[in-house]
Amino acid sequence: HERTATVACVEGELLAALVDRPVSAVVAGRPDLAEPMGELAGWLREALAGRVVGVSRVHGDLHPGNLVFSSATGPVCGVVDWVTGRDLGLPEIYVLTLALSARADRLGHEIGAVMADALTGGLAVDEQVTLALLPSAATNHSLPPRALVTLCWLHHVAANLSGAPEYAENETWVERNVRPVLQAHA
């Protein structure tokens, strides 16, 4: 993130990329969620609009399955599957998605349950430290953690619904990964 880092105001195209397009993708896949997603979009817009933030090139789908390790216990030596990457995004969203995905894997829970827990109970200390170590932390320290977790969830769900439409028809996936977060926001 450091090499491509810059500063931008959350408005126009950046606000659309962060909030509007992912919300539209969720509603396109699940029209029954239009009302709660509209409320969530309004809340996110209010939390983010007009803020000056650190942005950089981002992966778009950072989770443990997209990391390549040099050995079973070695360090990360690569990141694969950049198909949803973009030139400007909040690096915190994707690094936090990685941390919360790792928590879900460790606990054997669905990511929706973990993200709902992060919304209601806050981030674990290691997740907070991870965010604080990002180069953009100096600029983005004032972003509400609740907004970052919500953006993690929103981008994850939108990517799944856009990339694999069968998720929209899978009521079990929706009940485990979508509704808990919407309920945590209600």
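What you see below is based on every heavy atom in this structure, not just the backbone, and it leaves out hydrogens, waters and symmetry mates.
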Does the side chain of S101 reach to within under 4.5 Å of the side chain of I111, using non-hydrogen atoms?
yes
So, do R51 and S142 sit near enough that their side-chain heavy atoms are less than 4.5 Å apart?
yes
Under 3.5 Å donor-acceptor, E110 side chain and R176 backbone
no
How far apart are the C-alpha atoms of T150 and L40, what are their side-chain angles, what is the distance that settles it, and do they pass the side chain to side chain contact (heavy atoms under 4.5 Å, CB included) test?
CA-CA 9 Å; T150 302; L40 189 70; 3.7 Å; yes
Would you please test L48 and L143 for side chain to side chain contact (heavy atoms under 4.5 Å, CB included) and show each step?
CA-CA 8 Å; L48 299 171; L143 287 173; 3.9 Å; yes
Would you call R21-E13 a salt bridge at under 4.0 Å N-O?
yes
L154 side chain near L18 side chain, heavy-atom distance below 4.5 Å:
no
For residues L151 and E92, determine if any side-chain heavy atom of one lies less than 4.5 Å from a side-chain heavy atom of the other.
no
I want to check something: taking the side chain as every heavy atom from C-beta on, are M37 and L182 in contact at a cut-off of under 4.5 Å?
yes
Distance, nearest 0.5 Å, that separates CG of L90 from CG of L96
11.0 Å
How close do A8 and V55 get, counting heavy atoms only, and between which atoms?
CB-CG2, 4.1 Å
Taking atom NE2 of H109 and atom CG of L100, what is their separation to the nearest 0.5 Å?
13.5 Å
Under a plain distance cut-off of 3.5 Å, with no hydrogens placed, do T97 and H155 share a side-chain donor-acceptor pair?
no
Between L33 and R179, is any pair of side-chain heavy atoms under 4.5 Å apart?
yes
Heavy-atom closest pair (A25 atom, A158 atom, distance to 0.1 Å) is CB-CB, 4.0 Å
Residues G112 and P180: closest non-hydrogen pair is O-CB, 4.1 Å
Would you please classify the geometry between the W173 ring and the H156 ring as parallel, tilted or perpendicular, with 30° and 60° separating the classes?
tilted
Any carboxylate oxygen within less than 4.0 angstrom of a Lys/Arg side-chain nitrogen, looking at R103 and D117?
yes
May I ask you to say whether E171 pairs ionically with R30, meaning some side-chain N is under 4.0 Å from a carboxylate O?
yes
How many angstroms lie between CG in L98 and CD1 in I93, if you round to the nearest 0.5 Å?
14.0 Å
Drop me the distance from N160's CG to N177's CG, to the nearest 0.5 angstrom.
8.0 Å
Are H185 and W153 close enough that some pair of their side-chain heavy atoms sits under 4.5 Å apart?
no
Closest heavy-atom pair and its distance - V181, A116:
CG2-N, 3.9 Å
Hey, what do you get for CG (L119) to CD (Q183), rounding to the nearest 0.5 Å?
12.0 Å
P22 and A16: which non-hydrogen atoms are nearest, and at how many Å?
CD-O, 3.8 Å
Using every non-hydrogen atom in the two residues, find where L44 and A147 come nearest and quote the distance to one decimal.
CD2-O, 4.0 Å
Mind checking whether V19 and V10 have side chains closer than 4.5 Å, heavy atoms only?
no
Should the heavy atoms of other residues, nucleotides or ligands under 6.0 Å from CD of E166 be counted, would the total exceed 12?
yes
